[in-house]
Every structure is written in C-alpha cells, then in structure tokens.
Amino acid sequence: MAFGKTKREQTKNTLEGSEVPSKYWSRVKQRFFKNKLAKWSLRILIVIFLIGTFADFIANEKPLYCKIEGKTYFPVFKQYAVDLGLSTWDTKFYQTPWSEHNYEKLIMPPIPYSHFTIDSKNSRFKSPFDNQDVPSTRYWHWLGTDQFGKDVAAGMVRGARIAMLVGIISMLIASIIGIFFGVLGGFFGDNRFKVSRVRVLLNIIGIFFSYFYGFQVRSYALRMAGENGTLAIELSKSLFIVFVILLLCNLLARITERNNFLSKKITIPVDIIVMRIIEIMNSIPALFLLLAVMAILEQPSIISVMVIIGLIRWTGIARFVRAELLRIRSLEYIEAAEAMGFKDWRIILKHGLPNAIAPVLITIAFGIASAILLEAILSFLGIGLALEEVTWGELLSYARRNTRAWWLALFPGLAIFITVTILNIIGDGLTDALDPKSKV
Amino acid sequence: MFQYIVKRILYFIPTLFVISLLAFGLSKCTPGDPCNVPLPPESNKSSFINSEDDAKSRCNLFGLDKPTFYFALTSKAYPDSLYKILQKDKRTNWNDLIAQYGNWDQISKYKTSIRNLQLKLFDIPDSLGKRAIKKISNESKFLEVLSDDDAIVKKLKKIETIYNNNPSFGTIIGKEISDIKNNYEQIKEKSTLTQLYIPTLHWYGFDNQYHNWITSFFVGDFGISYNTYRPVFSEIRDAIFWTFLMMSLALILSYLVAIPLGVFSAKNKHLRFDKFATVLLFILYSLPAFWVATMMVVFFTTPEYGSWTNIFPGIGLGNLPSSAPFWDRFWETAKHLILPVLCLSYNRLAFISRQMRGGMLGVIQQDYIRTARAKGLGEQAVIWKHGLRNSLFPIITLFANILPTTLAGSVIIEVIFNIPGMGKLTLDAISQENYPIVFAVLMIAAVATMLGILLADILYSLSDPRVSFNKK
C-alpha cells in the first residue's frame with residue numbers, strides 16, 4: 001500500500017533497495033547458493049563450527065543440569081564462571097568424580113564424557129561393537145575408546161574445536177599480514193611511494209637505534225620477564241621505546257625537510273621489495289619450516305602452531321590483494337579520488353580495499369583447509385601437542401600404535417577429510433560465484 | 001632468453017642469502033648445548049681439565065668455537081671475545097652479569113677466581129673431608145650459572161659455612177674463597193651501567209660460524225651429526241636415495257595414468273565414465289595422504305581383519321640380510337614400496353588428470369584441431385599428436401613444485417611406512433636434537449624449491465613464447 005507513504009519515502013526506499021554494494025554481494029550470494037554442492041558444504045561447515053563452539057555442551061562429563069540433596073546445579077555453565085574466577089566448586093565436586101554422585105535429577109550432555117575423562121573400565125581400545133562395560137546404552141562409547149579408555153567421540157568433538165580455532169586464528173594472522181603487504185605492493189607499485197631523502201636516512205638510523213635500545217639493551221630484562229611471566233609488560237615497554245625513537249626521527253625529518261637538498265624525493269620500489277619477501281617465503285617449504293621452528297620451541301603448544309602457520313601462510317593472500325589492487329589502481333574512480341585530494345590511506349581503506357577483498361575470501365577458504373591439514377599432520381607426528389588437548393591428527397596417530405583399532409583410523413581421518421574437502425568445495429564455489437563472467 | 005636465465009639466477013643470490021640467514025638464525029636458537037660434556041662424577045684434576053678439553057674439541061669438531069657472524073652489534077660493556085667461552089649456559093650467565101653491571105673487567109676477575117677455587121679443590125687430600133670438598137665444588141659450579149644477586153649471595157654464604165666448618169681447609173683454599181667474595185663485591189661496587197647504552201660494532205672477519213657453514217654447504221659439506229659423528233652429508237645421501245626412488249616411482253606412475261585418463265575423459269565428455277571419473281578424481285584429490293596411508297597400514301598389512309586383507313608386508317623395508325641374493329632383496333623391497341608409492345602418487349595423479357582434462361577440453365575447441373580433422377587426419381592422430389602436445393604445457397610447468405611438494409609429502413609417508421628417507425631422517429633428528437641435519441634439510445629443501453621455480457619459469461617461457469622476459 002503505497003498510498004500512505006509520501007513520495008520522498010518511496011524514493012528513499014527505492015534507492016536503498018538498489019544500492020550497488022549490497023546488490024553485488026547479493027548477486028554473489030545468489031550465484032554461490034545456486035551451486036548445490038557448495039551450499040551443502042557451507043551447511044556442513046556451519047555444523048562443524050557449531051560443534052566446535054558448543055563442544056562443552058555436547059561432550060562433557062559434567063551434567064548440564066542436576067539436583068543433588070535438593071540443590072540444583074548447572075555444572076557445565078558453572079565451569080565457565082569458575083574458569084573466569086567468578087565462582088568456585090563445592091568441595092564435594094572436588095572429592096567425588098562426576099559419575100559417582102547420587103543425583104536426584106540429571107540431564108547429561110549427548111556425549112557424557114569429556115575428552116580427558118578416563119573410563120578405566122573400558123580402557124585398552126574398546127571398539128564400538130565390543131562388549132563395553134557401561135551402566136546403560138546412554139553411556140555407550142559410540143566411536144570406541146583409546147588405550148586409556150578415553151571416549152573417541154568426545155575427543156572428536158574437542159578436535160572440531162581445535163581444528164576450527166587453528167583454521168580461523170592462523171588465517172586471521174595470515175590475512176592481516178597478507179593484506180598489509182598486498183596493499184603496500186599493489187597500491188604503491190614501484191613508483192608511487194615517494195619520500196624525502198632525509199626521511200629515508202633518519203628512518204634507517206631510527207630503526208637501528210630502536211632495535212638497539214628497544215631489544216638489544218633490554219634483552220636481559222626481556223628474557224627474565226619471559227621466565228617471570230611479565231613478558232607482556234616488558235615487551236610493551238620495548239615497543240614504546242621503538243615507537244618513541246621512530247616518532248622522534250620522523251619529527252626531525254619533518255623539520256629538516258625544509259632544506260632543499262634534503263627534501264628531494266626519492267622513489268622506493270615497494271612492489272619489488274614486497275615481491276622479494278613473498279618469493280623468499282615461498283621458497284621455504286612450509287612443512288619443513290614449521291618443523292624447524294617447532295623444534296626450537298621449548299614448550300610448543302597449539303597456540304604456537306596457529307601463530308606459526310599464520311606467519312608462514314600469508315603469501316597467497318598478499319599476492320591476491322596485490323594483483324587486485326594493481327588492477328583497481330588504474331581505474332577511473334581511484335584517479336577521481338586522487339584528484340579530489342584524498343590522502344593515500346583514505347583511498348586505500350575506503351575505495352581500494354573493499355573492492356579488492358572479494359578474491360581474498362577464496363584464498364582464505366583454501367587457506368583454512370590447508371592450515372587444518374598442516375596442524376593435523378603436525379599432531380599426527382606428535383609435534384606441538386599439549387598434554388591436555390586432543391586433536392583429530394593425534395587420535396588418528398593412535399591407530400598406528402594399535403592396528404586393531406580401526407575406529408581410531410576411520411573416524412578422525414574422516415573428520416579431517418570432510419572438513420578439508422568441504423572447505424575446498426566452498427573455495428571452488430566462491431571462485432565461480434565471484435567470477436563476473438559466470439552466469440547467474 | 002639467455003639473458004633472462006642469467007637475470008633469474010642473479011635474483012637467486014639475495015633470496016638464498018636471506019633464507020640462509022633465516023635457517024642459520026633458527027639453528028642458533030635451538031635449545032641444548034652440543035659442546036657440553038657432563039663431567040664424570042668421580043673426577044680429579046686431570047679429568048676436570050680433560051673435560052674442558054673435551055668440550056673444546058667437540059666445539060671444534062662442530063665448528064662452534066668461532067664467532068657467530070661477521071659482526072656483532074652489542075653495547076660497549078660486552079667484550080668481543082665472549083664467544084671463546086664454549087659452554088652455552090656459562091656464556092649466557094656471564095652475559096647476564098654484564099647486562100646487570102656492565103663491567104666485564106671485574107666480572108672476568110670473578111670468573112677466574114671461581115676457576116682457581118675449582119682447581120685448588122683438587123689439591124685438598126680426600127682425608128680432610130671428601131664430602132665437604134664435593135659440596136664446595138658443586139656450589140662453585142652453581143656460581144658459574146647464576147646471575148641473580150640474591151642467589152649468588154646465598155651460594156657464597158653456603159660455601160663460606162662449609163669452609164668454616166672445616167677449619168683444616170684454611171691454609172689451602174682460604175684465599176680463593178675470599179677472592180671470590182671480594183671480586184663479587186667489586187663487580188657490584190664498580191658497575192659501569194652507562195657503558196651498556198653505547199652501541200659498538202665488533203668486526204670478526206670471515207672466519208666465523210655462518211661463513212664456514214654457508215661456504216661448506218655449497219661444496220656439499222653440511223657439518224657433523226651430533227649423535228653419530230658422521231658427516232651430515234653421508235647421512236642425507238643414504239636417506240635421499242629412498243626418497244628419490246619413491247618420488248620417481250610415484251611421478252612415473254601418476255603421469256602414466258593421469259595423462260591418458262585426462263585425455264580420455266576430455267575426449268568422451270558426454271560419457272557417463274567422464275562424470276564418474278571427475279567425481280572420483282575430486283575425492284582422490286582431497287583425500288589426505290596420511291589418512292589413506294594410515295588406513296592402508298591398519299587394514300592391508302595386518303592379519304587383524306582376516307587373512308584376505310593382509311595383502312601387503314608390514315611397514316619398513318623388510319629385513320633380508322645384505323648377503324641375500326640380489327633379486328630376493330629386490331622383490332622384498334619392491335613389495336614394501338607398493339603402498340608408500342601409491343600413497344605418494346594418487347594425490348598428484350588426480351590433480352594432473354583434472355588439469356589435463358581441462359587443458360584438453362580447451363584445446364579441442366581450437367581452430368587448428370578442426371583443421372586437422374578437416375584435412376582428414378585420423379581421430380587418434382588429432383588427439384594425441386595435435387591436441388596433446390598443446391595441452392601438455394600447463395602440465396609441464398607443474399614440474400616446478402614437484403621437488404618441494406614431494407619432499408614435504410614424503411615426510412609423513414616415510415614416517416608411517418617407516419622408510420629411512422629424508423623425511424624420517426628429519427623427524428628423527430628433531431626428536432634427538434640433532435640440529436645440523438634439520439637445518440641442512442631445510443636449506444636443501446629451500447634450494448630445491450628455488451630451482452623448481454626457476455625451472456618452471458624457463459619451461460613456461462619455452463612453452464609460450466609470448467611470455468615476456470623483461471617486464472614482470
């Protein structure tokens with residue numbers, strides 16, 4: 001019923017409906033969802049993601065809800081409060097294992113085991129079809145157990161969380177580095193980054209001194225802080241020193257730039273430098289670099305695996321962003337923005353990057369897949385494992401120790417395979433959907 | 001063309017330099033100290049000095065008794081000769097003391113006085129109190145690895161009490177102990193903290209660890225293994241044989257199957273076979289090799305699941321003695337290599353086949369294929385002679401990353417099937433803290449990758465003359 005609306009409102013609505021960016025993305029979305037395989041892959045991925053996110057509610061030895069001696073508890077929720085330091089457990093929960101309380105009412109999670117719960121009655125690799133010693137089918141180990149009687153299904157749920165975390169965090173780090181270098185190389189190219197002589201000189205000197213005073217002189221303090229656990233404070237002090245020295249150098253440069261000779265601009269071939277760095281990174285096989293770095297870490301953990309994968313795997317993203325920005329840079333609207341006198345960073349952030357970001361999504365999808373695979377390989381090899389964690393790769397590696405345990409070979413591997421494959425399908429689907437030549 | 005290749009090779013040098021710096025830098029961050037030889041528990045003066053010589057000769061063997069790099073950027077408080085202290089934990093400790101007080105002169109006096117005490121302790125006859133001597137000697141060793149003020153003062157007090165409880169020591173080590181105390185007080189009194197803030201550059205010249213490492217790397221000398229004392233080169237040579245053998249077999253297998261399969265699929269695009277093959281190849285392509293390998297080991301090498309699944313021999317390479325007839329050994333090895341080679345090849349097979357199909361589909365639509373058909377060539381000649389040659393180009397360029405990817409892929413396959421190749425060598429080296437092997441392999445892998453990239457560029461420009469060499 002358009003009668004009630006003023007003409008002004010009508011026009012506004014029409015304009016909003018036909019806004020260009022939303023139309024572009026909706027078209028991409030439409031194309032993507034037309035691909036049935038990609039659509040279902042995305043749905044499965046969301047399910048895995050949700051399993052990872054709500055792992056505590058799916059597989060836990062603690063009840064979701066229980067009533068003991070007339071008191072009501074929500075142990076799974078309470079665990080979060082305890083972890084945050086907001087609450088503490090009653091002593092009885094310390095003293096008695098969760099399975100041995102006299103519950104009046106009880107609701108257990110779908111899998112009534114945590115990934116660390118040791119069911120000693122069912123230790124030594126019980127298969128799903130073996131005669132398991134469990135109180136009821138509710139407590140059946142549907143995917144079998146490992147050597148110590150830990151439930152494989154619970155481990156798989158926990159593994160989903162680790163896999164998702166590895167994929168997301170490592171690609172987040174990789175995206176930040178990759179986009180930064182890609183923008184540098186693609187937007188400035190070889191001949192658009194001009195700085196005055198004195199600024200270059202002062203910055204080189206500044207980097208030297210900030211390294212010396214920020215890290216060299218403070219290396220003892222930093223190392224001690226690393227042992228005492230105050231590394232964050234000392235590191236931020238160091239970074240502050242670096243910041244101050246570089247700031248001083250640039251202020252000095254601004255003053256001295258009044259001199260004619262010193263202020264002569266020189267061009268820095270940013271693109272060549274960026275491409276060199278990418279080439280160097282690409283020349284070192286990722287797995288070997290990862291192995292070498294993990295070898296020197298004294299306490300490797302899942303976090304360090306994520307960070308290192310992120311630090312290694314950014315080159316693909318950087319290349320995509322660079323290529324896209326090289327293309328966009330020569331378009332008219334960037335020229336127009338320049339003619340209007342906008343600053344470089346504003347053009348990059350507001351006009352360049354948003355249009356270059358689409359193809360990055362493809363690399364990120366493939367990147368998550370390869371990060372998950374790399375992490376699985378590492379934990380399969382037993383490198384970078386924290387004792388209390390469980391990953392798919394680790395579960396799979398147990399099958400090598402006991403070849404009778406087919407369930408340990410089958411299920412974790414299947415999880416890795418499915419996750420990696422659907423991510424690859426999503427990547428393929430995105431490639432097609434973002435290609436303007438493909439039909440709607 | 002020639003110019004282009006020369007230019008590319010020149011580009012190599014800085015890249016390789018940076019990679020070698022990275023690998024060397026990482027190798028310097030490794031935990032543990034290869035020079036450190038634990039002292040035998042029952043030691044006398046000569047064994048004490050012997051152990052120092054031992055450490056020296058070990059360091060010499062591994063080339064660790066040289067300065068680390070061409071130059072060092074430190075502050076004025078640090079002497080340029082600190083690298084001569086061979087044991088890592090002691091070196092770090094003196095470094096820490098300098099970082100706190102900034103006066104190396106005093107610290108080195110303190111250091112000498114500790115050593116004097118340790119030597120003097122051997123002069124005390126055991127009859128005067130073996131346990132007390134042992135205690136003092138242990139405490140004095142702690143002094144060499146302590147930099148925290150409180151801890152040092154505590155240790156000094158402890159030594160003094162032991163000393164006071166054994167008055168018979170008085171004439172022998174009394175002077176040394178008071179020397180240590182005085183020298184430590186001197187360190188604290190005469191601290192020159194300002195020197196810590198004056199940057200200095202020490203130039204060490206070309207006889208340094210990095211220079212020796214990188215120059216000998218290029219003549220094939222990768223250092224000495226920490227565990228076996230064999231040259232790393234010969235260990236890698238033994239291992240690379242197996243990796244190379246599996247790699248070549250896998251490559252031949254995958255290309256032999258993939259190219260006909262891809263061509264056939266493309267030629268018969270309308271057949272159900274093509275649809276089936278496409279799906280199968282996609283699944284093969286995304287199956288993680290280490291999962292498939294584990295499944296194969298679990299199901300096909302053990303009799304757990306009935307004798308009909310126990311088709312292949314177990315992991316490893318069999319254990320026939322080298323005296324066995326050649327053909328027996330050959331068949332034994334061949335049987336053991338079937339599964340690993342299959343696992344190494346199927347991924348690539350699927351990938352090449354997909355590429356081949358895509359390339360062929362593009363080529364078949366070209367005008368010159370129609371021309372070839374029009375001039376009456378047989379279908380086989382059209383496809384295999386005109387079509388294949390032109391769609392092979394992207395496949396040839398795939399050769400580029402064969403070396404690195406196979407090297408990386410073989411790590412896990414070798415571990416699963418227990419084959420003594422490069423990957424297994426690396427992993428074993430990591431678990432044994434045998435770092436010369438780890439970083440030699442890292443460098444070899446990097447050089448192989450760079451050669452692969454160069455090869456790809458050259459092949460690419462050969463296959464498509466439109467690729468320009470000047471502008472990239």
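For the residue pair B:Glu433 and B:Tyr226, no side-chain donor N or O sits within less than 3.5 Å of a side-chain acceptor on the partner. Using modelled atom types and a 3.5 Å distance limit, the side chains of B:Glu414 and B:Thr243 yield a donor-acceptor pair. Using modelled atom types, one finds no donor on one side chain facing an acceptor on the other under 3.5 Å when comparing B:Ser286 with A:Asn424.
For the pair A:Arg218 and A:Glu234, the tightest heavy-atom approach, listed with the atom from each and the gap, is NH2-OE1, 2.7 Å.
Atom OH of B:Tyr197 is surrounded by 12 or fewer heavy atoms from other residues, nucleotides or ligands within 6.0 Å.
Chosen from A:Ala286, A:Ser219, A:Ala409, the residue pairing most often with chain B at heavy-atom distances under 4.5 Å is A:Ala409. Taking A:Asn282, A:Leu373, A:Val420, A:Leu291 one by one and counting their heavy-atom pairs under 4.5 Å with chain B, the maximum is reached by A:Leu291. Among B:Ile412, B:Val297, B:Val441, the residue with the largest count of heavy-atom pairs under 4.5 Å with chain A is B:Ile412. Between chain A and the options B:Pro199, B:Ala23, B:Cys29, the largest number of non-hydrogen pairs under 4.5 Å is found for B:Pro199. Interface remark: of the candidates B:Val438, B:Leu287, B:Thr30, B:Leu287 forms the most heavy-atom pairs closer than 4.5 Å to chain A. Looking only at heavy-atom pairs under 4.5 Å with chain A, the residue among B:Val447, B:Val292, B:Ile416 that has the most is B:Ile416. For the set A:Ile277, A:Leu297, A:Ile296, A:Ile425, the count of heavy-atom pairs under 4.5 angstrom toward chain B peaks at A:Ile296.
With a 4.5 angstrom heavy-atom cutoff, B:Ile198 touches chain A only via backbone atoms. Residue contact with chain A, scored on non-hydrogen atoms closer than 4.5 Å, involves the backbone and the side chain of B:Val415 alike. Contacts of B:Thr426 with chain A are made by side-chain atoms alone, with heavy-atom separations under 4.5 Å and no backbone atom involved. Contacts between B:Ile98 and chain A at a heavy-atom distance below 4.5 Å are absent for every atom of the residue. Contacts between A:Met224 and chain B at a heavy-atom distance below 4.5 Å involve the side chain alone, from C-beta outward. For B:Tyr285, no part lies under 4.5 angstrom from a heavy atom of chain A. In this structure, the portions of A:Phe417 lying under 4.5 Å from any heavy atom of chain B include both its backbone and its side chain. Interface residue B:Leu22: only side-chain heavy atoms are found under 4.5 Å from chain A. The contact between B:Thr74 and chain A is made by backbone and side chain atoms together, counting heavy-atom distances below 4.5 Å. Heavy atoms of B:Leu427 lying under 4.5 Å from chain A belong exclusively to its side chain. Both the backbone and the side chain of B:Tyr11 come within contact range of chain A, with heavy atoms under 4.5 Å apart.
Aromatic ring orientation, B:Phe439 versus B:Tyr435: tilted (interplanar angle from 30° to 60°). Using cut-offs of 30° and 60° on the angle between ring planes, the pair B:Trp213 and B:Phe24 is tilted.
With contacts defined as side-chain heavy-atom distances shorter than 4.5 Å, the pair B:Ile187/B:Gln100 does not qualify. Residues B:Ile419 and B:Lys424 have side chains not in contact (no heavy-atom distance under 4.5 Å, counting atoms from C-beta outward). Counting only heavy atoms from C-beta outward, the side chains of A:Leu289 and B:Leu26 approach each other to under 4.5 Å.
Partners of A:Glu279 under the salt bridge (Lys or Arg N to Asp or Glu O under 4.0 Å) rule, at least two apart in sequence or in another chain, are A:Arg276. With sequence neighbours left out, the salt bridge (Lys or Arg N to Asp or Glu O under 4.0 Å) criterion links A:Arg223 to B:Asp96.
Interface residues of residues 375-382 of chain A toward chain B, defined by a heavy-atom distance below 4.5 Å and sorted by number: A:Ala376, A:Ile377, A:Phe380, A:Leu381.
Proximity of the aromatic rings of B:Phe71 and B:Phe69 is defined here by a centroid distance below 6.0 angstrom, and this criterion is met.
Remark: A:Ile241 CD1 to A:Phe209 CZ distance equals 14.0 Å, nearest 0.5 Å.
Applying the side-chain hydrogen bond (donor to acceptor under 3.5 Å, both in side chains) test to residues at least two apart or on different chains, none of the pairs has a partner in residues 286-297 of chain A.
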